[in-house]
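Remember, it's a predicted structure, so these values are computed and weren't measured experimentally. Here is how names work: the chains are called A, B, and so on, in the same order as the sequence lines, proteins then strands, and each is numbered from 1.
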Amino acid sequence: MNFTHIIAEKINQTLENTFDLDKLEKLVEKPKDLNRGDYAFPTFSLAAKFHEAPQKIALKIADEIDRTNFANVKAVGPYVNFFIQRVEFTNQLLKEILLNDDFGRNNQGAGKKIVIDMSSPNIAKPMSMGHLRSTVIGEAISKIAKANGYQTIKINFLGDWGTQFGLMIAAYKLWGDDKLINKNPVDELVKLYVKINKESETDKSLKDSGRAWFKKLEDGDPEAVKLWNWFKSVSLKEFQEVYDRLGVSFDSMNGEAFYNDKMEPVVKMLASKGLLTESQGAEIVDLPNLLPKDNYPIAMIKRSDGATQYITRDLASAIYRHDAYDFAKSLYVVGAEQKDHFDQMKAILKLAGDDWADDIEHIGFGMITMNGKKMSTRKGNIVPLVDVLDTARQLAAEQISEKNPGLENADHVAEEVGAGAVVFNDLQKDRNLSIDFNLEKIVQFEGDTGPYVQYTHARAMSILRKSGQQAILNTGVTFVDEEAWPIVSRLSAYPEMIKRAWQLREPSIVAKYLLSLARDFNSYYAHTKILVNNEKMQSRLSLVQGVCSVLKSGLNLLGVSAPNQM
RNA sequence: GCGGAAGUGGCUCAACUGGAUAGAGCAUCGGAGUUCUAAUCCGCAGGUUGUGGGUUCGAGUCCCACCUUCCGCACCA
């Protein structure tokens with residue numbers, strides 16, 4: 001039932017239909033405090049037209065309005081407050097939740113594809129907390145998009161190409177030890193990389209050697225290709241472990257190397273459209289000149305040594321994705337510091353006549369810092385993601401052995417709770433806020449955390465399990481506790497929340513919603529005993545089931561699992 | 001210098017895009033255990049929403065100016 005619409009209609013009736021329904025409907029709001037009502041209508045904007053005080057208008061409306069569908073309508077100051085018929089509403093809502101697996105989902109995106117560029121770690125470098133953000137935000141946005149009816153294509157744009165790999169091969173040829181690398185691939189490769197970078201400062205020949213090896217790699221030299229493939233496969237194997245723990249998968253792993261043969265056509269295309277300029281030996285798109293109003297930096301397409309740049313590769317991949325997937329939107333979940341890069345990319349595509357560039361969106365997110373400073377592999381102040389996940393799992397295991405020693409699958413649950421804490425922590429704030437790394441905070445299980453929501457789900461499930469009732473479905477609700485009303489109201493907001501989360505591409509909306517729902521439920525739980533055999537029990541159990549269902553579904557949108565016991 | 005993000009209790013964040021008394025969590029303090037999981041709940045305390053103007057019935061939210069922090073601004077990605 002669309003109350004907003006009904007209210008607008010009814011109010012218009014009392015005003016002799018002198019107003020535009022859409023305008024009235026826009027004015028209807030949900031009060032922050034449920035005690036004020038379930039819906040409210042502020043009368044300020046009518047005051048001028050009727051030359052009367054808002055308070056008087058509110059009184060008049062409340063007095064004259066048709067009250068069907070409402071338990072109560074009353075004027076409070078300049079507001080008209082509406083109260084829903086609770087039992088009927090709850091009954092209908094819970095039937096919808098319990099009888100459908102897909103409560104909250106909608107079909108607005110039916111038949112449309114969303115491409116999501118996410119995670120994108122660099123081969124032979126450890127996955128850090130920075131990659132975590134891109135990975136979990138991308139995954140959540142994908143799930144939210146699906147809940148809105150879209151099909152999604154998740155792409156892991158691996159950093160698997162560049163002169164660094166020539167250097168890598170050179171280092172391997174000098175000092176590499178197969179056994180060590182196979183045992184601890186990324187660690188060892190990073191050591192080699194760091195070592196050759198350091199030594200090349202004094203021994204310039206090493207850099208030449210690296211360049212030579214990269215040239216060989218580009219030319220398809222068997223040994224170079226073999227080594228590159230090996231580095232890639234051992235790295236991927238290690239990445240995969242992390243992805244498995246996070247419950248993340250991809251539809252494409254086409255990294256930078258995949259676009260090697262697709263860049264020259266882009267360069268030619270740009271040249272043919274007269275967008276390419278030569279400057280200081282390099283090939284550039286002179287955006288400051290072409291689009292003086294937009295204030296973009298110069299885009300370098302080819303360096304003076306002839307090598308292509310990041311933006312060349314991204315142009316190639318953008319075009320490829322457009323051709324291959326015919327997307328409705330192409331999203332890039334990449335740090336906010338790269339905003340200019342994506343602005344440039346879109347501007348160049350538009351200049352080239354590709355108007356679909358308007359469907360490209362950069363989903364930026366804030367930087368993770370360490371003691372307020374940027375993390376950097378070279379400076380050694382990065383935190384490997386695996387370490388964080390391990391710590392979280394360890395702490396979860398300790399909690400379980402302390403609070404629920406007999407738990408079956410304790411190891412598995414510890415993993416779910418640990419990962420849940422890490423992922424949820426990353427998703428609960430607006431994505432464009434910067435975060436200063438704080439391990440204690442990430443592995444916190446109390447208060448506004450993932451485990452808090454998981455725990456709420458687990459104890460609600462526990463009630464259902466112990467109720468011994470199988471047939472909660474279908475039984476109508478005949479009673480609603482006064483204290484349970486915030487829960488019902490919150491549950492009913494789930495579908496709108498899912499739309500909004502997609503519109504804003506903002507997983508934190510889901511996280512905040514879940515925290516609120518969990519808080520509502522825990523408060524109710526603490527004050528109302530549910531498993532008492534009386535006429536209210538059935539209704540209450542239905543409500544508990546509804547809460548379980550939405551908590552689980554919402555956690556799933558964030559890529560966080562919902563164990564039945566913990 | 002230009003552009004972007006941010007500025008709200010001691011700390012970390014909300015505030016449904018202009019509405020009613022600015023809300024949570026952490027930390028502190030005080031309560032709640034024979035009960036469906038205390039990873040919980042209840043309560044006390046804590047605020048001139050960076051500053052100064054403006055717009056209007058009404059501003060944390062919109063406009064202007066300024067201040068502070070972080071991030072970008074062609075041969076890394």
Rounded to the nearest angstrom, tell me the gap between atom [atom1] in [X] and atom [atom2] in [N].
{"X": "A/L27", "N": "B/rC57", "atom1": "CG", "atom2": "C1'", "answer": "14 Å"}
{"X": "A/R36", "N": "B/rG23", "atom1": "CZ", "atom2": "C1'", "answer": "12 Å"}
{"X": "A/F365", "N": "B/rG4", "atom1": "CZ", "atom2": "P", "answer": "21 Å"}
{"X": "A/Q565", "N": "B/rU37", "atom1": "CD", "atom2": "P", "answer": "9 Å"}
{"X": "A/I435", "N": "B/rU12", "atom1": "CD1", "atom2": "C1'", "answer": "10 Å"}

From the set [options], return the single nucleotide nearest to any side-chain atom of [X].
{"X": "A/I463", "options": "B/rC41, B/rC36, B/rA14", "result": "B/rC36"}
{"X": "A/K441", "options": "B/rC11, B/rC41, B/rA20", "result": "B/rC11"}
{"X": "A/K30", "options": "B/rA38, B/rC16, B/rC42", "result": "B/rC16"}
{"X": "A/R459", "options": "B/rA6, B/rU37, B/rC42", "result": "B/rU37"}
{"X": "A/F445", "options": "B/rC36, B/rA39, B/rU37", "result": "B/rA39"}
{"X": "A/N295", "options": "B/rA38, B/rC2, B/rC41", "result": "B/rC2"}
{"X": "A/S462", "options": "B/rC36, B/rC16, B/rU37", "result": "B/rU37"}

How about [X] and [Y]: does a side-chain donor come under 3.5 Å of a side-chain acceptor?
{"X": "A/T369", "Y": "A/D436", "result": "yes"}
{"X": "A/N254", "Y": "A/Y259", "result": "no"}
{"X": "A/T277", "Y": "A/D286", "result": "no"}
{"X": "A/E440", "Y": "A/Q444", "result": "no"}
{"X": "A/E483", "Y": "A/H527", "result": "no"}
{"X": "A/N522", "Y": "A/R459", "result": "yes"}

If a protein heavy atom is under 4.0 Å from the base, mark B; if only from the sugar-phosphate, S; if neither, -; do that for nucleotides 71-77 of chain B going 5' to 3'. SSSBBSB
Throw together a table of side-chain donor-acceptor distances under 3.5 angstrom for residues 331-340 of chain A, partners on residues two or more places apart or in other chains.
from   : atom 1 : to     : atom 2 : distance (Å)
A/Q338 : OE1    : A/Y310 : OH     : 2.3
A/K339 : NZ     : A/D343 : OD2    : 2.7

Taking 4.0 angstrom as the limit, do A/D430 and A/K512 come out as a salt bridge? yes
Salt bridge A/D38-A/K30, side-chain N to carboxylate O under 4.0 Å: no
Please give the stem ranges for RNA chain B, sorted by first residue number, where a stem is three or more consecutive Watson-Crick or G-U pairs and both donor-acceptor distances are under 3.5 Å. B:1-7 with B:67-73, B:10-13 with B:23-26, B:29-32 with B:40-43, B:50-54 with B:62-66
For RNA chain B, whose closest nucleotide is more 5', that of A/V417 or that of A/P31? A/P31
P-based separation of B/rU55 from B/rC63 [nearest Å]: 15 Å
Could one point to a donor on the side chain of A/N522 or the base of B/rA39 with an acceptor on the other under 3.5 Å away? no
Looking at every strand, decide which applies to A/K339 at a 4.0 Å heavy-atom threshold: base, sugar-phosphate, or nothing. sugar-phosphate
Please determine whether a side-chain nitrogen or oxygen atom of [X] lies at a distance below 4.0 Å from atom OP1 or OP2 of [N].
{"X": "A/Y525", "N": "B/rA38", "answer": "yes"}
{"X": "A/K466", "N": "B/rU37", "answer": "yes"}
{"X": "A/Y452", "N": "B/rC41", "answer": "yes"}
{"X": "A/S523", "N": "B/rC42", "answer": "yes"}

Whether the side chain of A/S128 engages the backbone of A/G130 through a donor-acceptor N/O pair (distance < 3.5 Å, no angle test) should be reported. yes
